[in-house]
Amino acid sequence: MRIDIISVLPELLESPFSHSIMKRAQTKGMLEVHVHQLRQWAVNEYGQVDDYQYGGGAGMVMMCEPLANAIEHLQNERKYDEIIYMTPDGKRFDQQTANRLSLYENLLIICGHYKGIDERIRQHFVTLEISIGDYVLSGGELAAAVVVDAIGRIIPGVLNDETSALTDSFQDNLLAPPVYTRPANFRGWEVPPILLSGDPKKIEQWRYEQAVARTTERRPDLE
Ligand code: 6GU
């Protein structure tokens, strides 16, 4: 998969994909992330990409022309399966959406800033609007990093058995059960004996019950 990202703060998106599983996905050639500075398509020599909003009001709006030119430049190179706009008024991101997006070849992500982007870009180019939750960030970059991470780690072949996504929280609308590692007794705090029993059937049953109990307690909305 290739993901292109349009941003006025590309520096924010350098580090998140350079470590651990995201790094492995790219080293293995399964994921490419390309970040593009929107100011390359600025309307003047000052690098302007935003302007005051019609109708008045505080806050700048990202202009049509730089965004349209950036998007069309990238579209000339390849066809995008989705053109995604990161915005707090988008559809709330979830595992189901991550799963669907992980199957595509080419995604384009637009990061908003200030009051957001001109509505006409949303109408004429954007095919999917994503929010990562009900709170406001100062720009779309950190939200885009969340989405790319969630997608990248489940691209087929990125995870091995040890890091398998199959047992993640949310993969079947259940939170994950508690996990433990050595030692079996730390300061008198014991690992549940069933996990030391060596009985895979019982252990699986216990994990399932824990997952259900945790979901009922913490996230009744998931059930
Ligand atoms: Cl996608 N962008 C911004 N600026 N804030 C957010 C968000 C996105 N998702 C939640 N809050």
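In each ligand, atom 1 is the first atom listed, and ligand 1 is the first ligand listed.
No continuous path of ILVMFWY side-chain contacts below 4.5 Å connects M63 to L74, so the two sit in separate hydrophobic clusters.
Nearest protein neighbour of atom 1 (Cl) of ligand 1, counting heavy atoms only, is T87 N, 3.1 Å. When only non-hydrogen protein atoms are considered, atom 4 (N) of ligand 1 lies nearest to L137 O, 3.1 Å. Ranking the protein heavy atoms by distance from atom 11 (N) of ligand 1 puts Y135 O, 2.5 Å first.
Side-chain contact, S102 with N99: no donor N or O sits under 3.5 Å from an acceptor N or O. Side-chain contact of D4 with H36: a donor-acceptor pair under 3.5 Å is present, judged by distance alone. Counting only N and O atoms by type, the side chains of K202 and S197 include no donor and acceptor under 3.5 Å apart.
Between I130 and ligand 1, a contact under 3.5 Å exists for no N or O pair. An N or O contact shorter than 3.5 Å links I132 to ligand 1 by distance.
Of all atoms in ligand 1, listed by their number and element, those nearer than 4.0 Å to a heavy atom of M86 are 1 (Cl). Near A143, meaning under 4.0 Å from any of its heavy atoms, are these atoms of ligand 1: 1 (Cl), 8 (C).
Without hydrogens or angle criteria, R24 side chain to V158 main chain gives a donor-acceptor distance under 3.5 Å. Here the side chain of E129 pairs no donor or acceptor atom with the backbone of S131 at under 3.5 angstrom.
Ranked by closest heavy atom to atom 10 (C) of ligand 1, the top entry among G133, P88, A144 is G133.
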